[in-house]
Amino acid sequence: MPRLPVALAAALTVALGLAVRVAFDGPFAKYAGDALYTVLIYALILLARPATRPWVTALAATALSWAIEFAQLGDIPAVLRPVLGSTFNPPDLFWYAAGAAAAAAVHALARPRRLTPARSG
């Protein structure tokens, strides 16, 4: 996967996350933000490892998002709370996985297809 489209997708994800927070409030904004947070992590993983398969990237992005969420059960330093959060919320786990699944679906559709040789009879 070329890095430029992935970098643009990461920037678009950040813009969407900010727009959702400005335009909406309440549960929709919160959970859309959770999903987009994982989409951003997904894109950052792809920037670092462009050849990663969609399902592997989705699992890694979900695992990292979940690890950050579970870390909130402990004490997150105040300086990191705006990025990592501060309160564990179990429904967030679902929305992280939903964001990763959506990113993987887009990634799978955008990947160049390998041509397989036709079988001769």
Side-chain angles (χ1 to χ4, degrees):
M1 182 70 132
R3 285 191 167 108
L4 180 59
V6 177
L8 293 173
L12 178 62
T13 301
V14 171
L16 282 172
L18 294 172
V20 165
R21 288 294 188 168
V22 169
F24 302 98
D25 59 356
F28 177 80
K30 183 194 179 338
Y31 295 126
D34 288 344
L36 289 168
Y37 186 84
T38 302
V39 171
L40 179 60
I41 291 171
Y42 188 105
L44 295 175
I45 292 168
L46 268 186
L47 281 173
R49 307 262 331 214
T52 309
R53 294 177 185 260
W55 69 270
V56 172
T57 312
L59 285 176
T62 301
L64 185 55
S65 296
W66 284 14
I68 292 167
E69 188 69 25
F70 281 108
Q72 294 170 3
L73 290 169
D75 188 28
I76 301 283
V79 69
L80 295 177
R81 288 183 191 148
V83 175
L84 301 180
S86 61
T87 306
F88 178 79
N89 185 28
D92 290 354
L93 300 172
F94 169 80
W95 292 105
Y96 296 141
V106 171
H107 180 194
L109 291 172
R111 283 181 74 181
R113 300 283 179 233
R114 290 186 189 165
L115 296 177
T116 56
R119 292 184 183 182
S120 59

For this session: Applying side-chain hydrogen bond (donor to acceptor under 3.5 Å, both in side chains), name anything that partners D34, two or more places apart in sequence or on another chain.
Result: K30
Problem set entry | side chain to side chain contact (heavy atoms under 4.5 Å, CB included) partners of A10, counting only residues at least two apart | L40, A43
May I have the list of side-chain donor-acceptor pairs in residues 1-8 shorter than 3.5 Å, sequence neighbours left out?
unit_1: R3; atom_1: NE; unit_2: L47; atom_2: O; d: 2.7
unit_1: R3; atom_1: NH2; unit_2: L47; atom_2: O; d: 3.3

Exercise. Considering all heavy atoms of both residues, which atom of A100 and which atom of A58 are nearest to each other, and what is their separation?
Worked result: CB-O, 3.6 Å
Exercise. Should V79 and L84 be counted in the same cluster of Ile, Leu, Val, Met, Phe, Trp and Tyr side chains packed under 4.5 Å apart?
Worked result: yes
For this session: Name all residues meeting the side-chain hydrogen bond (donor to acceptor under 3.5 Å, both in side chains) criterion together with R81; count only those two or more places apart in sequence or in a different chain, and write none if there are none.
Result: D75
Problem set entry | Same apolar cluster (I L V M F W Y, side chains within < 4.5 Å links), L36/L64 | no
Exercise. Which hydrophobic side chains are connected to L59, either touching it within the sub-4.5 Å cutoff or through other members that do?
Worked result: W55, V56
Problem set entry | Residue pairs involving residues 22-52 (criterion ring pair (Phe, Tyr, Trp, His ring centres under 6.0 Å); sequence neighbours excluded) | F24-F28, Y31-W95, Y42-H107
Problem set entry | Pairwise salt bridge (Lys or Arg N to Asp or Glu O under 4.0 Å) hits with a residue in residues 10-26, at least two apart | none
Exercise. Applying the 4.5 Å side-chain criterion to the ILVMFWY set and letting contacts propagate, would I76 and L93 be lumped into a single cluster?
Worked result: yes
Exercise. At what distance, to the nearest 0.5 angstrom, does CD1 of I41 lie from OG1 of T13?
Worked result: 11.0 Å
Problem set entry | Distance (rounded to the nearest 0.5 Å) between D92 CG and I68 CD1 | 11.5 Å
Problem set entry | Which atom of V39 lies closest to which atom of A103, heavy atoms considered | CG2-CB, 4.2 Å
Seminar exercise, completed: Taken in chain and number order and not counting sequence neighbours, the residues that satisfy side-chain hydrogen bond (donor to acceptor under 3.5 Å, both in side chains) with Y96 are E69
Seminar exercise, completed: Hits for side chain to side chain contact (heavy atoms under 4.5 Å, CB included) against V106, two or more places apart or cross-chain, chain-then-number order -> none
Problem set entry | side chain to side chain contact (heavy atoms under 4.5 Å, CB included) partners of A60, counting only residues at least two apart | I45
Seminar exercise, completed: side chain to side chain contact (heavy atoms under 4.5 Å, CB included) filter on L73, not counting sequence neighbours, yields F70, F88
Exercise. Tell me the salt bridge (Lys or Arg N to Asp or Glu O under 4.0 Å) pairs involving residues 8-20, sequence neighbours left out?
Worked result: none
